[in-house]
Amino acid sequence: MFHALIKKYWSESWLLWSACLFILPLFCWMRIWIVAQFELSRLEPLLEQLKPFEKFSPVPVSQFLTYAGSIAMTFDEPVVILCVLVWAVARGSDVVSGEIHRGTMEMLLAQPITRRGMMLAHAIVSMSGLAFLCISVWVGIFFGIETLSIRETPPAPSIQLSWLPVEIPLSVSGASREPVWVPLRDRVDSGFFLPPALNLFGFAYFVLGLSVLFSAMDKYRWRTIGIVIGIYILQFMLYLLGKSTPSTSWALNFTFFSAYRPDDIVRVIVEQPQFAWAWLHWDKSGEFVGLGPLGYSMLLIACGATFHLLGVYYFHRRDLPAPL
Amino acid sequence: MSGNSEAILETRELCKSYGRFLALDRCSLAVQRGEVFGLLGPNGAGKSTLLRTLMGFLKPTSGQGRILDFDCQRQSVEVRRVTAYLPGDARLFRQMRGRDCLAFFQSMRPDVSKQRYLELAERLELNLDRRVVFMSTGMRQKLAIVAVMSSQTPLIILDEPTANLDPTIRGEVLQLVREAKQQGQTVIFSSHVLSEIEEVCDEVVLLRKGVLAKRLRLSDLQQSHRLFARTCGRCEIPTELRAQVQIVRHSENDIVVDLHGDLQPLMRWVCLQSWSQVRIEAHGLDSVYQQVHPPLTPQPLFTKTNG
């Protein structure tokens with residue numbers, strides 16, 4: 001019986017899921033290919049021009065000139081965000097208000113299944129679908145790192161004398177050095193991007209849980225989608241407000257965007273690999289910084305799960321309106 | 001609940017209100033095993049609200065309902081395990097083919113056999129290879145009927161099952177209801193169509209504004225008649241006939257009388273009256289319905305003829 005429900009939800013969602021699954025790894029691979037086209041060290045002069053916008057950035061802009069930093073930006077790409085959000089909102093809004101809106105809820109609940117069972121079957125399909133999408137992002141990054149090479153200009157040969165703290169260049173001709181191809185995997189570890197992938201899952205699960213909650217309270221799917229998108233935009237505006245000036249930084253405490261920080265997570269992992277899966281984070285001087293990569297992801301997942309459970313609770317108690 | 005051992009379904013003082021609007025008002029009824037029980041009433045009378053409350057879709061404001069000793073609220077899953085329910089506006093999963101849809105319902109209910117639903121689909125001339133989204137309203141209704149009627153549950157609830165169906169299929173559905181009764185299943189049949197209720201039901205309740213306004217057995221109805229006549233004076237009913245004769249309407253020129261029981265002794269009294277243009281009709285459900293729900297515009301008893 002439960003298996004039949006899962007099959008039903010899967011048959012309703014496989015097309016969207018397949019489309020996202022096709023796009024995400026391909027896009028991630030392509031983005032890394034684009035990153036690999038540039039010799040990032042040559043872009044350093046641009047750094048000064050980006051400084052005024054650094055306050056809007058989750059990490060120092062200098063990180064974007066590292067391969068790890070620029071690959072981490074994949075998680076901020078609109079295509080990636082859009083794909084996981086479309087999945088989260090589409091599936092989350094469908095569970096109750098979607099079935100009521102289509103008029104199929106009565107025939108479904110006329111069967112001997114509990115409302116909780118129905119929600120659980122839906123959650124299994126939605127969450128595992130989301131998990132695979134996030135994994136597919138990482139898989140795209142992994143294949144990008146494993147298969148692509150970058151051009152690097154090797155440093156000029158030099159010699160360091162043991163009694164002098166300076167390097168003495170050996171070339172005196174001043175002839176330009178030829179760039180060489182270096183496998184990207186020699187510069188970046190694909191494992192760095194697993195914690196950000198979990199962070200992406202937490203981010204999308206937050207939206208999925210929110211969608212389920214509003215779906216459980218509503219009878220029109222379009223209204224559920226509208227409310228969730230409205231909240232999302234409001235949260236994003238709070239994030240921008242919080243980032244823009246120190247006096248409005250309080251707003252960052254009221255937006256879930258503050259917990260979505262794949263760039264920062266990669267920065268922490270590069271600088272302190274021992275904190276890759278840490279709940280809390282201390283800097284190199286031993287000072288407590290805040291939540292660690294795992295902490296942020298779990299915070300988002302916990303919020304999403306709370307919304308999800310509230311949705312189940314509300315659906316269990318509510319009246320089902322007649323088909324519209 | 002009253003311990004009516006023969007009742008498969010019982011409600012006691014069941015109420016459902018939406019704010020100030022009382023959709024169901026202290027509804028108490030019992031449905032006996034193995035009968036076809038009709039629910040009759042106009043739109044908004046509370047038929048679907050009653051059925052949806054029994055299925056656990058709506059939480060009652062007060063009172064309770066039981067099906068086969070299972071509480072409709074607290075044991076809703078058990079209730080739905082022993083009940084097959086066809087909603088008033090049955091809609092199915094649009095992306096599925098008819099065959100997949102029935103297979104889905106079969107997997108949800110162990111008592112449904114594939115052979116049975118294929119047989120029913122053939123009887124109702126249903127194309128199972130078509131996707132639900134491409135089916136006409138009538139075909140979707142037939143598909144839902146097949147899904148529900150192929151179940152072997154002790155209780156079947158049909159909320160306006162013949163809506164959107166052509167007369168042939170409508171007759172076939174009524175036949176399925178009769179067959180379900182023969183197999184010992186109890187059927188609750190909600191409808192607007194009086195002739196259908198008369199045709200298949202053993203007992204019927206009429207709802208009006210959420211209240212159970214009248215309850216009668218169809219077998220009793222067959223012994224009732226209605227008399228229409230022209231009259232020019234007042235009519236007095238003898239004391240010994242008052243139990244069988246009831247004046248429904250008496251104007252200056254017309255009279256309408258309900259006659260209950262054997263007609264032979266009553267006809268002697270009728271012959272003694274100074275009435276003309278006497279017409280006697282079998283007392284159908286229609287006249288009972290009109291007692292409970294008077295027509296918005298009074299109907300003339302006799303149509304005027306030229307000259």
Side-chain angles (χ1 to χ4, degrees), chain A residues 1-19 90-91 94-122 125 216-221 312-324, chain B residues 16-18 23 44 47-49 51-61 70 73 75-97 100-101 103-112 132-133 140 143-145 147-148 151 153 156-159:
Chain A
M1 197 182 296
F2 193 69
H3 178 252
L5 267 181
I6 289 187
K7 203 173 150 190
K8 171 195 172 291
Y9 287 126
W10 170 243
S11 71
E12 286 169 354
S13 56
W14 73 269
L15 198 62
L16 174 65
W17 185 79
S18 307
R91 297 316 305 149
D94 182 67
V95 60
V96 177
S97 61
E99 296 279 3
I100 292 174
H101 200 171
R102 290 193 298 273
T104 49
M105 184 61 96
E106 281 202 317
M107 279 302 276
L108 189 59
L109 278 189
Q111 312 312 314
I113 49 164
T114 59
R115 295 188 188 190
R116 287 193 199 97
M118 194 199 104
M119 295 282 269
L120 180 64
H122 184 275
V125 173
M217 295 164 80
D218 211 335
K219 59 181 176 181
Y220 300 107
R221 192 182 188 192
V312 174
Y313 174 77
Y314 193 87
F315 178 52
H316 184 66
R317 293 175 62 87
R318 76 174 281 188
D319 280 346
L320 292 183
L324 303 165
Chain B
K16 178 65 190 175
S17 60
Y18 299 98
K47 304 185 299 290
S48 295
T49 304
L51 299 179
R52 301 179 81 247
T53 308
L54 290 172
M55 292 303 291
F57 300 158
L58 303 175
K59 313 281 176 193
T61 311
F70 295 119
Q73 293 306 308
Q75 295 166 295
S76 177
V77 175
E78 285 78 5
V79 163
R80 283 175 280 143
R81 193 166 287 131
V82 296
T83 308
Y85 170 68
L86 177 77
D89 184 9
R91 295 189 213 168
L92 297 160
F93 314 113
R94 293 161 61 88
Q95 81 286 357
M96 287 189 192
R97 292 182 193 281
D100 301 334
C101 222
F104 170 76
F105 288 116
Q106 188 206 4
S107 59
M108 300 296 281
R109 285 187 177 276
D111 58 298
V112 176
V132 173
V133 68
R140 286 179 205 175
L143 185 62
I145 288 170
V148 171
S151 161
T153 51
I156 299 174
I157 296 178
L158 305 173
D159 192 357

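Every chain is numbered from 1 and lettered A, B, ... according to where its sequence line falls, protein lines coming before strand lines.
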Legend entry - A:E12 vs B:Q95, side chain to side chain contact (heavy atoms under 4.5 Å, CB included): CA-CA, chis, key distance, verdict: CA-CA 7 Å; A:E12 286 169 354; B:Q95 81 286 357; 3.2 Å; yes
Inset, instruction - Determine, stepwise, if the pair A:L109 / B:M55 fulfils side chain to side chain contact (heavy atoms under 4.5 Å, CB included). - result: CA-CA 9 Å; A:L109 278 189; B:M55 292 303 291; over 6 Å; no
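Summarising the geometry, atom CG belonging to A:D319 is positioned 8.0 Å from atom OG1 belonging to B:T61; distances are rounded to the nearest 0.5 Å. For the atom pair CG of B:D100 and NZ of A:K7, the computed distance is 7.5 Å after rounding to the nearest 0.5 Å. Distance check, rounded to the nearest 0.5 Å: NZ of A:K8 to CZ of B:F104 gives 6.0 Å. Distance check: A:I100 CD1 to B:R91 CZ gives 11.5 Å after rounding to the nearest 0.5 Å. Taking CG of B:D159 as the reference point, atom CD of A:E106 lies at 8.0 Å (rounded to 0.5 Å). A distance of 8.5 Å separates CG of B:L92 from OG1 of A:T104, quoted to the nearest 0.5 Å.
In this structure, B:R80 contributes its side chain and A:Q111 its backbone to a donor-acceptor pair below 3.5 Å. Judged by distance alone, the side chain of B:R52 and the main-chain N or O of A:L320 form a donor-acceptor pair under 3.5 Å.
Other residues, nucleotides and ligands place no more than 12 heavy atoms under 6.0 Å from the OH atom of A:Y313.
Residue with the most contacts toward chain B among A:R102, A:M105, A:H3, A:R318: A:R102 (heavy-atom pairs, distance under 4.5 Å). Most heavy-atom pairs under 4.5 Å with chain A, from the set B:R81, B:E78, B:R94: that is B:R81.
Here the shortest heavy-atom pairing between B:F57 and A:R115 reads O-NH2, 3.5 Å.
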